[in-house]
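Quick notes on the structure that follows.
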Amino acid sequence: MIYNKMMYELGSKRSAIRELFEYGKQRAAVVGAENVYDFSLGNPTVPAPDCVDETIRQLTEELDCIKLHGYTSAQGDVETREAIAEFLNKTHGTHFHKDNFYITMGAAASLSLAFRALTTAPSDEIVAIAPYFPEYKVFVEAAGATFKVVPADTVGFQIDFAALEEMINADTKGVIINSPNNPSGAVYSVATIEKLAALLEKKEKEYGHPIFIICDEPYREIAYDGVEVPFVTKYYNNTLVCYSYSKSLSLPGERIGYILVPDEAYESKALYAAVAGSGRALGYVCAPSMMQKVITRCQGETGDVELYKKNRDLLYDGLTKIGYECFKPQGAFYMFVKALEENADAFCERAKAEDLLIVAATGFGCPGYVRISYCVDADMIERSFGAFERLYQSYQ
Ligand code: PLP
């Protein structure tokens, strides 16, 4: 093998979720799309808010080709970064300015930039809290650092602080958190964030260097029943926020988001430069120009979150009635359900025989559970209950 072995391996293995999605398409060709219950992907089904289409129409009328489709500044348009700062300041009472933001191709890019900027040696560690988005491991290891996982708190899906404290050491450079969480649907409470901040401040003093919280926030606006999603920069100075419009504006294919480096972060100007340098090294510069202009004019807009909430209620009520043990999601659009046998992969294979496509959480660092993505048509949820019932009965 003359090629980069790590990259070869990443490129030749499709993720388990993608694999399942492709299987679903093949099955639909055989048994009919209406008989396949595909709960595999987190692809938003709620339409983008009107503001998105309206803005695109206006932009094509107002702007010439260079202004609309030309290169932007590497870190993003000034107007875009100003609009984000203004919106966050109005919403959270913060005092950000344009130079705190680097516009990216979504949270995946933001996370990759964060890990590159924060780590310098293979011994540097980034810690994730299970259950976690599996690509974190890919991004951390591709940055040349070491990925560690704190086992899940399977009671409330907050943070097992005893396990986290044990894991932090002199090599720890950052802790990734994701709330609202994919795959559990949990939202970290203010108490959890305060406790995390206190623990990391203590550890920073002990080891004499900053330990960052990397907040992965593509689901920030998708939260139900008025639950508060704490804005972490207000609780902890050494925070990087990795935000995306993929879910809030239902634009995952358009690739747009940002990374926020607050002034309060340790040597923030140097950190921002390292983020920008990581962008340059990876070619993550000049995020899509038209989308930058769309988000400039659509700050504060979201798709209809109520539709996801309706799906949550429908699925939660239906599954618990059958007898499944489900964690009631407070946000995002995933239901975390206990598998009916210890081996969640075997359980998902059995579900497949009913054409129920659900994802084992083994890859999310949480064995024994499955993720059911409910950003799907409500009608499909209704139709799937018979299959869920048969699956349940097959274990009785
Ligand atoms: N982080 C989490 C938790 C996600 O669920 C996803 C996408 O599903 C991402 C990051 C990547 O998002 P983006 O489309 O913005 O790259």
Side-chain angles (χ1 to χ4, degrees), residues 14-18 20-21 39-46 48 52 76 84 101-116 126-140 142-143 147 149 152 157 174-188 213-223 229 232 240-260 278-279 282-284 287-288 291-292 294-295 298 302-303 308 329-336 359 361 363-366 371-376:
R14 224 185 339 225
S15 85
I17 299 173
R18 285 270 152 200
L20 196 60
F21 175 65
F39 294 98
S40 60
L41 284 191
N43 213 0
T45 42
V46 164
V52 168
I84 298 168
F101 297 89
Y102 186 98
I103 312 299
T104 63
M105 294 75 159
S110 304
L111 290 160
S112 297
L113 298 191
F115 302 142
R116 287 243 163 182
I126 300 285
V127 178
I129 318 286
Y132 64 87
F133 181 58
E135 296 300 283
Y136 294 158
K137 182 174 186 312
V138 176
F139 302 151
V140 170
F147 182 69
V149 178
F157 291 99
V175 176
I176 317 165
I177 60 170
N178 168 225
S179 164
N181 185 266
N182 171 13
S184 73
V187 171
Y188 288 165
I213 295 180
I214 301 116
C215 270
D216 179 26
E217 300 209 329
Y219 302 96
R220 161 160 286 282
E221 288 80 12
I222 304 175
V229 183
V232 178
L240 286 175
V241 178
C242 296
Y243 184 82
S244 166
Y245 296 88
S246 290
K247 317 288 173 170
S248 60
L249 289 182
S250 298
L251 293 175
E254 304 300 347
R255 315 306 302 136
I256 193 81
Y258 62 76
I259 179 164
L260 159 59
S278 303
L282 289 166
Y284 292 176
M291 285 304 127
Q292 291 196 42
V294 167
I295 62 167
C298 295
T302 66
Y308 292 130
Q330 300 155 301
F333 36 54
Y334 309 98
M335 184 94 57
F336 216 47
V359 178
F364 296 93
C366 197
R371 185 190 83 168
I372 303 178
S373 174
Y374 58 84
C375 49
V376 294

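Whatever order the structure lists them in is the order used to number ligands and atoms, beginning at 1.
- Between Phe147 and Phe139 there is no side-chain heavy-atom pair separated by less than 4.5 Å.
- Under the 3.5 Å distance criterion, the side-chain polar atoms of Ser179 are left unmatched by any main-chain donor or acceptor of Asn181.
- Put simply, the side chain of Ser250 gets close to the backbone of Val46: a donor and an acceptor are under 3.5 Å apart.
- For a heavy-atom separation below 4.0 Å, the residues in contact with ligand 1 are Gly106, Ala107, Ala108, Phe133, Tyr136, Asn178, Asn182, Asp216, Pro218, Tyr219, Ser244, Ser246, Lys247, Arg255.
- Two residues are said to be in side-chain contact when any heavy atoms from C-beta on lie closer than 4.5 Å; Tyr136 and Ile126 fail this criterion.
- Ala287 and Ile103 get closest at one heavy-atom pair: CB-CG2, 3.8 Å.
- Here the rule is side-chain contact (heavy atoms from CB on, under 4.5 Å) with Cys215, and of Ile176, Asn178, Leu260, Ile177 only Ile177 fits it.
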